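A short worksheet on the structure shown next.
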Number of protein chains: 2
Amino acid sequence: MSKAPEKSTETPAVRVDSTLSKGLSILETLAGSPKGRGVTELSQILGLSKSNTFRLLRSLSELGYVRMSENKAYSATLKVWQVGQTLMDNIDLPALCAPHMLKLSQEFGEAIYLAVPEGLSVIYIDKLESTQPIRSFTPKGGTAPIHCVGTGKAILAANYEQLRDQLKGNLKRYTDNTITSMQRMDKDMASARANGYAIDTAEYRDGIYSFGAAILMPTGEAIAAIGVSVPEVNLKGNRAEEISLAVGKQAAEASRMLAS
Amino acid sequence: MSKAPEKSTETPAVRVDSTLSKGLSILETLAGSPKGRGVTELSQILGLSKSNTFRLLRSLSELGYVRMSENKAYSATLKVWQVGQTLMDNIDLPALCAPHMLKLSQEFGEAIYLAVPEGLSVIYIDKLESTQPIRSFTPKGGTAPIHCVGTGKAILAANYEQLRDQLKGNLKRYTDNTITSMQRMDKDMASARANGYAIDTAEYRDGIYSFGAAILMPTGEAIAAIGVSVPEVNLKGNRAEEISLAVGKQAAEASRMLAS
DNA sequence: GTTAATTGTGCCAATATACAGTACATGTGT
DNA sequence: ACACATGTACTGTATATTGGCACAATTAAC
């Protein structure tokens with residue numbers, strides 16, 4: 001029983017440093033164990049020898065990833081979380097989305113935005129100018145209310161559970177089309193979620209439509225949105241639908257990039 | 001300053017599995033590198049041989065922690081983040097805080113609460129009953145507005161930047177003492193932050209004072225708060241101050257436990 | 001356009017490293 | 001009091017990891 005009973009049938013099986021692999025497994029397991037786990041317990045779960053497990057745990061402790069509580073139970077420290085956090089903080093959203101935004105820009109020639117949520121607003125962190133003579137003018141760094149622009153609504157739809165409560169009573173009207181009732185908003189968000197994109201029918205600025213789709217974490221949480229802003233006069237035929245679908249597709253691809 | 005090239009003179013130096021250590025270093029470095037890094041670059045940064053670095057990167061890729069972009073640059077995937085996230089989700093706050101809550105309970109005999117933020121409210125996820133004949137009655141699972149109870153105010157103070165905007169116009173009055181102006185709230189929060197605890201002077205329920213202090217992540221963000229709820233009649237002499245300091249101390253200790 | 005310098009990647013032999021097994025000490029439950 | 005299970009320490013051996021070198025493919029220099 002020196003080797004695995006069933007030898008893997010096909011894979012040329014890239015050699016994976018076993019210590020690293022085992023150590024990470026331990027970390028993963030521990031991350032999912034609120035009460036911590038003992039050496040023996042862990043060794044059984046992972047199918048490792050007790051001494052091996054112990055050694056790995058000691059190394060991880062030394063490196064600060066694992067701690068031993070009074071009760072001799074090992075549990076993961078917040079260091080993994082911190083690393084994950086700096087990873088999140090260092091995600092270069094503009095770089096990640098640039099190719100997808102560019103594609104949209106080339107396809108439609110309209111202004112393309114990249115927005116992140118901030119409370120009940122969105123902040124535009126990147127923008128490609130419209131090539132059309134008629135321009136909309138929200139500058140990079142500008143903000144907009146989350147409930148009435150394409151990017152905002154896309155984010156709102158994805159994180160609706162979390163945001164709905166705060167939204168109540170804050171549906172400020174900007175144009176005749178602004179959605180100001182929670183009932184209508186609920187329906188709008190439901191369809192946005194179903195479609196994978198959100199539409200602002202001149203709900204923020206008169207005559208300006210916008211289409212947005214969210215960049216989603218693996219958990220489903222939206223961390224940003226891509227949007228296309230279009231003067232109403234430029235929307236002939238089924239242009240609106242074309243743009244909506246294209247935005248949805250590009251955002252989905254960007255999300256896939258994120259998750260890898 | 002990671003490890004001295006010359007053999008370390010004093011430390012008995014617990015043997016640390018080097019592969020694991022190196023692999024985690026790579027992960028940490030990559031997490032802080034938005035654009036990704038090349039093999040050679042990484043090997044220089046970490047002082048490893050190129051082949052070693054390459055092998056580790058390949059292993060990490062195989063394990064799903066690292067990806068190689070088209071441009072031959074390796075970057076970390078969101079897997080670390082996911083692990084960190086499940087870690088966060090699995091933190092057993094009641095267990096973590098139990099000893100500290102118990103200490104407070106024994107010391108003062110009043111009702112002790114453990115609360116987590118939820119939008120502009122707090123939810124009480126754990127509670128130790130008062131031993132006094134006079135009881136306050138918020139049950140476990142109950143909620144309270146964040147701006148007028150001890151636990152809530154403690155959390156609010158810590159996360160003020162993030163929450164202040166949403167708070168505007170939502171400072172609902174519950175008692176004569178409820179703080180309803182943002183100016184007063186700003187000052188109150190500033191002093192709460194300075195003190196390390198927050199005081200509710202019967203701002204939610206008439207005759208009920210409460211004292212709260214936040215459980216903080218290493219980043220300074222509050223994820224919960226411990227609180228003591230006390231009928232005004234039980235506050236003689238400098239009892240209020242005693243309780244405040246004790247709550248602050250216990251919460252700080254719980255935060256230290258969190259961070260390890 | 002040719003050279004020169006870097007890059008990522010594959011290979012291999014040497015040895016340092018991580019491994020299993022065993023032993024012991026402490027603690028837990030019966 | 002016992003037996004049992006747990007965390008920890010030790011040690012010799014074999015295996016897995018390592019550094020050095022070589023190669024291919026880009027990229028930079030000229």
Side-chain angles (χ1 to χ4, degrees), chain A residues 1-5 7-8 11-27 29-30 33 35-63 65-77 260, chain B residues 2-8 11-27 29-30 33 35-63 65-77 260:
Chain A
M1 53 179 51
S2 40
K3 310 301 272 261
K7 74 181 314 182
S8 180
T11 334
V14 198
R15 279 227 83 63
V16 170
D17 296 70
S18 70
T19 309
L20 182 52
S21 167
K22 292 171 186 171
L24 290 170
S25 309
I26 290 189
L27 229 35
T29 308
L30 248 30
S33 310
K35 309 280 184 192
R37 302 227 118 106
V39 177
T40 316
E41 197 182 0
L42 261 175
S43 72
Q44 286 164 349
I45 295 178
L46 299 173
L48 303 175
S49 76
K50 213 166 46 151
S51 28
N52 194 355
T53 309
F54 175 65
R55 173 184 260 282
L56 258 354
L57 280 173
R58 181 144 49 89
S59 294
L60 285 171
S61 303
E62 207 65 23
L63 297 171
Y65 282 92
V66 155
R67 130 206 69 193
M68 186 188 49
S69 11
E70 328 56 81
N71 28 310
K72 299 258 184 199
Y74 289 87
S75 44
T77 69
S260 293
Chain B
S2 41
K3 40 167 42 175
E6 332 79 7
K7 69 181 315 183
S8 150
T11 333
V14 195
R15 282 227 80 67
V16 170
D17 296 69
S18 70
T19 310
L20 183 52
S21 167
K22 293 170 186 172
L24 290 170
S25 309
I26 290 189
L27 229 34
T29 308
L30 248 27
S33 311
K35 309 279 185 191
R37 302 225 117 108
V39 178
T40 316
E41 198 183 358
L42 262 175
S43 72
Q44 287 164 350
I45 295 177
L46 299 173
L48 303 175
S49 75
K50 216 168 39 152
S51 26
N52 195 353
T53 309
F54 175 66
R55 174 180 262 281
L56 289 173
L57 279 173
R58 182 144 47 92
S59 295
L60 286 171
S61 302
E62 207 65 23
L63 297 171
Y65 282 93
V66 155
R67 131 205 69 191
M68 186 188 50
S69 11
E70 328 55 79
N71 30 309
K72 300 259 185 194
Y74 289 88
S75 45
T77 68
S260 293

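Naming: A, B, ... by sequence-line order, numbering from 1 per chain. Since this is a predicted model, take the numbers as computed values, not measurements.
In this structure, the nucleotide among C:dG10, C:dC19, D:dA9 sitting nearest to the side chain of A:Arg58 is D:dA9.
Going from atom CG of B:Leu20 over to atom CZ of A:Arg55 covers 11.0 Å, rounded to the nearest 0.5 Å. Atom-to-atom distance recorded for B:Thr29:OG1 and B:Leu42:CG is 6.0 Å, nearest 0.5 angstrom. Separation of atoms CZ (B:Arg15) and CZ (A:Arg58) is listed at 10.0 Å; rounding is to 0.5 Å. Here the OH-CG distance, from A:Tyr65 to A:Leu56, works out to 14.0 Å after rounding to the nearest 0.5 Å. In this structure, B:Leu60 CG and B:Met68 CE are separated by 13.5 Å, a value rounded to the nearest 0.5 Å. Distance check: A:Leu27 CG to B:Leu24 CG gives 7.0 Å after rounding to the nearest 0.5 Å.
Less than 4.0 Å separates DNA chain C from at least one heavy atom of each of the following residues of residues 44-53 of chain A: A:Ser49, A:Ser51, A:Asn52. Within residues 36-43 of chain B, the residues having any heavy atom closer than 4.0 Å to DNA chain C are, in order of number, B:Gly38, B:Val39, B:Thr40.
Atom CG in A:Leu56 sits roughly 17 Å away from atom C1' in D:dA9 (whole-Å rounding). The distance between atom CG of A:Leu57 and atom P of D:dA9, rounded to the nearest whole Å, is 13 Å. Distance, B:Arg15 CZ to D:dT8 C1': 17 Å, rounded to whole Å. If you measure from atom CD of A:Glu62 to atom P of D:dT8, you get 13 Å, rounded to the nearest angstrom. If you measure from atom CG of B:Leu60 to atom P of C:dT9, you get 14 Å, rounded to the nearest angstrom. Distance B:Arg55 CZ to C:dC12 P: 13 Å, rounded to the nearest Å. What separates CG of B:Asp17 from C1' of D:dA16 is a distance of 12 Å, to the nearest Å. Rounding to whole angstrom units, CG of residue B:Asn71 and C1' of C:dT7 are separated by 13 Å.
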Legend entry - DNA chain D base-pair string [pairs: Watson-Crick or G-U under 3.5 Å; |: paired with another strand]: .||||||||||||||||||||||||||.||
Please list every donor-acceptor pair under 3.5 Å in which a side-chain atom of residues 43-53 of chain A meets a protein atom from a residue at least two apart or in another chain.
| residue | atom | partner | partner atom | Å |
| --- | --- | --- | --- | --- |
| A:Ser43 | OG | A:Thr40 | O | 2.6 |
| A:Ser49 | OG | A:Asn52 | N | 3.1 |
| A:Thr53 | OG1 | A:Ser49 | O | 2.9 |

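The shortest non-hydrogen separation linking A:Gly36 to A:Ala73 is C-CB, 4.3 Å.
In this structure, A:Ser21 contributes its side chain and A:Asp17 its backbone to no donor-acceptor pair below 3.5 Å.
Residues that satisfy the side chain to side chain contact (heavy atoms under 4.5 Å, CB included) test with B:Lys35, not counting sequence neighbours, are A:Asp92, A:Ala95. Annotation: side chain to side chain donor-acceptor pair (under 3.5 Å) contacts of B:Tyr74 (sequence neighbours excluded): none.
For the salt bridge (charged side-chain N to carboxylate O under 4.0 Å, His left out) condition, the pairs that include at least one residue of residues 37-49 of chain A, sequence neighbours left out, are A:Arg37-A:Glu41.
For D:dT17, the OP1/OP2 oxygens have no side-chain nitrogen or oxygen of B:Ser59 closer than 4.0 Å. Distances shorter than 4.0 Å separate some side-chain N or O of B:Tyr74 from OP1 or OP2 on C:dT9.
For the pair A:Leu20 and A:Phe54, nearest-nucleotide mapping onto DNA chain D gives the more 5' position to A:Phe54.
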Inset, instruction - Using a 4.0 Å cut-off on protein heavy atoms (strictly under), produce a 5'-to-3' string for nucleotides 25-30 of chain C with B for base contact, S for backbone-only sugar-phosphate contact, and - for none. - result: ------
